[in-house]
2 protein chains.
Amino acid sequence: MTEKKLLFPIVNTDVALFTLIDQQLRVLLIQRANKPDPGGWALPGGIIKPEIDKSLEDAALRMLAAKALLRLPHLQQVATHSGPDRDPRGWSVSTLFFSLLPSDQVPAVAASKTEAIAWVDPERPGHRLGFDHGQMLAEALHALRDKVERGALPLHLLPARFTLTEVQRACEAILGRVIDKGAFRRQLKSARDLVKVPGAFVRGAQRPAQMYRASAGFVF
Amino acid sequence: MTEKKLLFPIVNTDVALFTLIDQQLRVLLIQRANKPDPGGWALPGGIIKPEIDKSLEDAALRMLAAKALLRLPHLQQVATHSGPDRDPRGWSVSTLFFSLLPSDQVPAVAASKTEAIAWVDPERPGHRLGFDHGQMLAEALHALRDKVERGALPLHLLPARFTLTEVQRACEAILGRVIDKGAFRRQLKSARDLVKVPGAFVRGAQRPAQMYRASAGFVF
DNA sequence: TCTTCTTAGTGACATACTACCACTAAGGTG
DNA sequence: CACCTTAGTGGTAGTATGTCACTAAGAAGA
């Protein structure tokens, strides 16, 4: 570390963007093109621009929008990391968010000319993560699991219409364990988060499955 | 807002410091002496100093230490607020923490020459709070309640040795409702957070009460 | 046409947990 | 020594949850 530390802290955001691919939980990593640690893999994020961002959330959404995600259905703060050494450019503050991307919108996330992307298993990212992003990813996953464990339904991972079994599979992918169908559906009924879509069924080589959508006042 | 906005965001911390006074939950407010909003009441906090602080937590502890609190037993992040207008000095980022002060250390917190202090009911602060500190206080209280509701024991609010009834009163003060003694003590037993202090009893006009202390590996 | 297979969807039971309440224990007080 | 107060324990009932069995409704194939 030979370069001079900045006088003001660097303020940036990072997002753990989760989705489902083949009913498996995946998180978005990007391969850095720019100054610190070029070629390294990291959570998407970057330095905020006070002249255009109205908040940290705003900044995080702006940076993801640059990666072809116009509207994210959800963004939740996890924690803020800080310190003089976690970013080689100097004293930095980084607010971590997690977000859920509907599985049918995965193709909308594309690699740019300069940055490669990868959807990886959040428990075994494979790529060595730069900065303290390994720890951050673990925290984001923990926050997501905790929320689902407490009964929140990760409907934002699914298309606008879905079956109850799809909701169950999404929860199982997040929690990493199988859930009993009967008990799970009991919970779904007691919560008021789901509404039947009349006449909409998924057909296959079995009994058709009723489709549902998130109720009006649903918040994850 | 006529003054020019700063180019870099202001980074500061705020702490909702809770304690028990007469078995009631109280939070520390200070009366601002300095530049923005002099005379207004706010949560203790301030701008970090990258040259001496090693993290946001470090900065928060340093500012509280200046108010005669050398060692705080606990500090937990709640959320980070941000935006161009929440602080009149310009675009700012503020990380909110909450902390618990043992009730027997309340006298150690003293007003300085320039700043008055007040211990107020977090649900009805009485004083109008500046910035967005009203909202922040509500969030900190919610985070504390949520944690206790999920079974965490607020032992840091109590002296090093305490009775089971004192633990129950502390939880009741936080949650704002009475708790059944039988059910509460069952929970205490199943958790492994408490250890009897042999031979230590509190005597009064009734059966003596066994004293306990936090177990070795206890974390709030 | 009818059998079989697969997943949707419901219900029944045992267990675990918890709210509510009653009871005994062990001091002090008058 | 009767009585008051709080400490501490245990029991019961109602609720929530895990486990599992069963029926429902289509497609596929003999």
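Predicted model only: the values in this text are computed from it and were never measured. Here is how names work: the chains are called A, B, and so on, in the same order as the sequence lines, proteins then strands, and each is numbered from 1.
Note that OG1 of B:Thr95 is 8.5 Å distant from CD1 of B:Ile48, once rounded to the nearest 0.5 Å.
Rounded to whole Å, the distance from CZ on B:Phe162 to P on D:dA7 is 15 Å. Taking atom CD of residue A:Gln23 and atom P of nucleotide C:dT7, one finds them 11 Å apart after rounding to whole Å.
Here B:Thr165 lies in heavy-atom contact (under 4.0 Å) with sugar-phosphate atoms only.
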Please walk me through it: do A:Arg150 and B:Glu149 pass salt bridge (Lys or Arg N to Asp or Glu O under 4.0 Å)?
CA-CA 13 Å; A:Arg150 295 171 83 177; B:Glu149 197 80 66; over 6 Å; no
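Taking both residues in full, the closest heavy atoms of A:Trp119 and A:Leu101 are given as CH2-CD2, 3.8 Å, listed atom of the first, atom of the second, then distance.
Remark: A:Arg169 engages A:Glu172 in a salt bridge, criterion side-chain N to carboxylate O under 4.0 Å.
Listed by residue number, B:Lys181, B:Gly182, B:Arg185, B:Arg186, B:Lys189, B:Ala205, B:Gln206, B:Arg207, B:Pro208, B:Ala209, B:Gln210 are the residues of residues 178-215 of chain B with a heavy-atom contact under 4.0 Å to DNA chain D. DNA chain C lies under 4.0 Å from no heavy atom of any residue of residues 167-175 of chain A.
Between A:Phe220 and A:His74, the two ring planes are perpendicular [angle over 60°; tilted spans 30° to 60°].
Distance alone, capped at 3.5 Å, places no donor-acceptor pair between the A:Thr13 side chain and the A:Leu56 backbone.
Every residue two or more places apart in sequence or in another chain was checked for a salt bridge (Lys or Arg N to Asp or Glu O under 4.0 Å) with A:Arg161, and none qualifies.
In this structure, the ring of B:Phe98 has its center no less than 6.0 angstrom from the ring center of B:His142.
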